[in-house]
Trainee: 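Handing you this structure, nothing more for now.
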2 protein chains.
Amino acid sequence: MAASPQKVSESTVRRLSLYLRFLEEFEEKGVTTVSSEELAGRGGTTAAQVRKDLSIFGSFGKRGLGYAVPLLGREIRRILGLSRSWRVALVGAGRIGAALFEYPNFRTRGFRIVTVLDHDPKKVGRLWDGTRIRHVDTLEETLRETKVDIAILAVPEEVVQDVVDRVVSVEIKAILNFAPTQLRVPNDVVVNDVNMAMELEALSFALVNRALR
Amino acid sequence: MAASPQKVSESTVRRLSLYLRFLEEFEEKGVTTVSSEELAGRGGTTAAQVRKDLSIFGSFGKRGLGYAVPLLGREIRRILGLSRSWRVALVGAGRIGAALFEYPNFRTRGFRIVTVLDHDPKKVGRLWDGTRIRHVDTLEETLRETKVDIAILAVPEEVVQDVVDRVVSVEIKAILNFAPTQLRVPNDVVVNDVNMAMELEALSFALVNRALR
DNA sequence: ATAGAATTGTGAACGTTTTCACAAACTCCC
DNA sequence: GGGAGTTTGTGAAAACGTTCACAATTCTAT
Ligand SMILES: NC(=O)c1ccc[n+]([C@@H]2O[C@H](COP(=O)([O-])OP(=O)(O)OC[C@H]3O[C@@H](n4cnc5c(N)ncnc54)[C@H](O)[C@@H]3O)[C@@H](O)[C@H]2O)c1
Ligand SMILES: NC(=O)c1ccc[n+]([C@@H]2O[C@H](COP(=O)([O-])OP(=O)(O)OC[C@H]3O[C@@H](n4cnc5c(N)ncnc54)[C@H](O)[C@@H]3O)[C@@H](O)[C@H]2O)c1
């Protein structure tokens, strides 16, 4: 029950993330108990799906009642690995990089940007809210020194493969990539892409095929 | 053959987007023909998958040879609706909004930001590279006047549902949402989310469950 | 205590997506 | 022109993910 022996699908993980957000909203409103029905109603899924997702990891509800909001929140946070806080490096202090760095929500959710790296001499050395921007030439030693768990890559697509190779060389196992490039990494490294062009293209497809649905 | 009578899965659309990018790379290198094998090798999929994806829409290859790079590129662009250019509104001229607006890649791929709206009196009236920022109070008339097809929402999560309701009221059918909020829209409206917090949480999950795989 | 109402947890059914495997179609070279 | 070598397009099989349906459990009220 405690461990998760089964294979967990990508979609289940995404939905857990969603449920957690809903639970936080319920908690703010002072709701103490929710049913799978209510949890599903808040977003694009079904009550059965909610129960299946949760049942992979254990049995957190009470039959006839539902789920205790704070408890389920804690459990999902534990499952997702959000009980601890993660040390994050930001490579590329450009437009996207700056937006991410200034966004307070990541820190409150346990992702602390402890390192910022850039290539541009005009940016290197600057102090961003207490964090000194370091030169990307020092990437390997800096990531090791600052004990980084996760790297966010917000560099131009032309250089992103070089950067990722170096990031991988210091045993970083998790990468969030903003460049519209399919990265080549060893298969014990997880890469998640934020590919906005792809999202827009999917919208375009939906628009031209609207009639056919 | 010409039309697409079948149901097309989300993942197929995403992969088409990917193939298009690879084709553009091949085209730049002067490669005239690629096999499904080569197309698959560039990214995380298989040759059979490539062929299945394409076969939904027609038969674009030559047995024994492969696919003609420029032709397949044109076909995928047509399938995705990228032959035309799309008129895009940006709501929220904050950090993310500014990064998106300044990003030249969208325009070159056929997505033109023709309208920028914000709430902040300090921002309204400013000229961003030829585009005047208009007050969000004029959203309905502005979107109609500027014939917008797609809305990008980069506003705080507290107001995003209000904004989306108004966007939907003027018959916009495609939305790219950056707020970490599950939007409620009629079901003829397509919403794609860019949820970075969710991506980070998925990385967190992958890190804590690394051992179990 | 017990009946009645609510809701979970889960095996089984179903549907969708991916992979397999191979005949058909094409190329290339001798 | 024919045979060897490729590679596509696609049914069929396998894997995977979602939905169904219901016994088991808990709560509430009397
Ligand atoms: N801006 C957007 O809206 C947007 C949208 C989609 C995708 N992207 C992608 O995100 C990435 C960043 O985009 P951006 O708009 O922030 O670009 P940007 O040019 O504003 O920033 C890139 C930053 O990376 C730095 N850099 C360049 N080479 C480097 C290296 N080798 N090592 C470290 N830093 C280096 C630059 O000095 C700059 O500060 C790009 O890959 C882009 O394609 C951006
Ligand atoms: N910055 C990031 O890295 C980041 C990361 C993930 C998600 N997001 C999400 O993206 C959205 C925008 O984030 P941001 O960092 O750019 O915020 P921001 O505060 O920098 O920008 C928000 C902009 O929206 C404007 N605005 C406020 N209310 C408005 C309204 N009713 N109508 C129109 N405009 C209005 C503000 O004036 C401001 O210009 C938020 O929902 C945020 O949660 C941001």
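In what follows, chains are A, B, ... by sequence order, proteins preceding strands, each numbered from 1.
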Trainee: Ignoring the backbone of A:Lys62, work out which of D:dT26, C:dT7, C:dT27 is nearest its side chain.
Mentor: D:dT26
Trainee: Can you tell me the distance, in whole Å, between the CZ atom of B:Phe60 and the P atom of D:dT10?
Mentor: 11 Å
Trainee: Quickly work out the A:Phe57 CZ to C:dT8 P distance and round it to whole Å.
Mentor: 18 Å
Trainee: Do A:Ile172 and A:Asp149 have side chains that approach each other closer than 4.5 Å (heavy atoms only, starting at C-beta)?
Mentor: no
Trainee: From OH of B:Tyr67 over to P of D:dT6, roughly how many Å is that when rounded to an integer?
Mentor: 18 Å
Trainee: Does OP1 or OP2 of D:dG17 have a side-chain N or O of A:Arg15 closer than 4.0 Å?
Mentor: no
Trainee: What about the rings of A:Tyr103 and A:Phe106, do their centers lie closer together than 6.0 Å?
Mentor: yes
Trainee: Hey, which sits more toward the 5' end of DNA chain D by its nearest nucleotide, A:Thr45 or A:Arg63?
Mentor: A:Thr45
Trainee: From the set D:dG17, D:dC27, C:dA21, return the single nucleotide nearest to any side-chain atom of A:Lys7.
Mentor: D:dG17
Trainee: Once you measure the plane-to-plane angle for B:Phe205 and A:Phe57, does it fall in the parallel (<30°), tilted (30-60°) or perpendicular (>60°) bin?
Mentor: perpendicular
Trainee: Which of these nucleotides, C:dT18, C:dC22, D:dG17, is closest to any side-chain atom of B:Ser11?
Mentor: C:dT18
Trainee: Verify the distance criterion only: is there a donor paired with an acceptor across the side chains of A:Thr115 and A:Thr142 at less than 3.5 Å?
Mentor: no
Trainee: Measure CD1/A:Ile56 against C1'/D:dT18 and give the value in whole Å, please.
Mentor: 12 Å
Trainee: Round to a whole Å and report the spacing from CG of B:Leu39 to P of D:dG9.
Mentor: 12 Å
Trainee: D:dT7, OP1 or OP2 - any side-chain N/O from B:Ser35 closer than 4.0 Å?
Mentor: no
Trainee: Has the side chain of B:Lys52 got a donor or acceptor that lies under 3.5 Å from a partner of the other kind on the base of D:dG11?
Mentor: yes
Trainee: Figure out the CG/P separation between A:Asp53 and C:dT8, and round it to whole Å.
Mentor: 13 Å
Trainee: Looking only at side-chain atoms of A:Leu65, point me to the closest of D:dT8, D:dC27, D:dC22.
Mentor: D:dC27
Trainee: Regarding A:Thr12, tell me which of base, sugar-phosphate or nothing describes its non-hydrogen contacts under 4.0 Å with the strands shown.
Mentor: nothing
Trainee: Rounding to an integer number of Å, can you tell me how far A:Gln49 CD sits from C:dT10 P?
Mentor: 15 Å
Trainee: Round to a whole Å and report the spacing from CZ of A:Arg51 to C1' of C:dA6.
Mentor: 12 Å
Trainee: Report the nucleotide, chosen from C:dT10, D:dT19, D:dT8, that has the shortest atom-to-atom distance to any side-chain atom of B:Ser36.
Mentor: D:dT8
Trainee: Below 4.5 Å, heavy atoms only, C-beta onward: do A:Arg84 and A:Arg77 meet side chain to side chain?
Mentor: no
Trainee: Ignoring backbone atoms, establish whether A:Thr46 has a side-chain N or O less than 4.0 Å from OP1 or OP2 of D:dT19.
Mentor: yes
Trainee: B:Gly66 or A:Gly64: which one's nearest nucleotide on DNA chain D is closer to the 5' end?
Mentor: B:Gly66
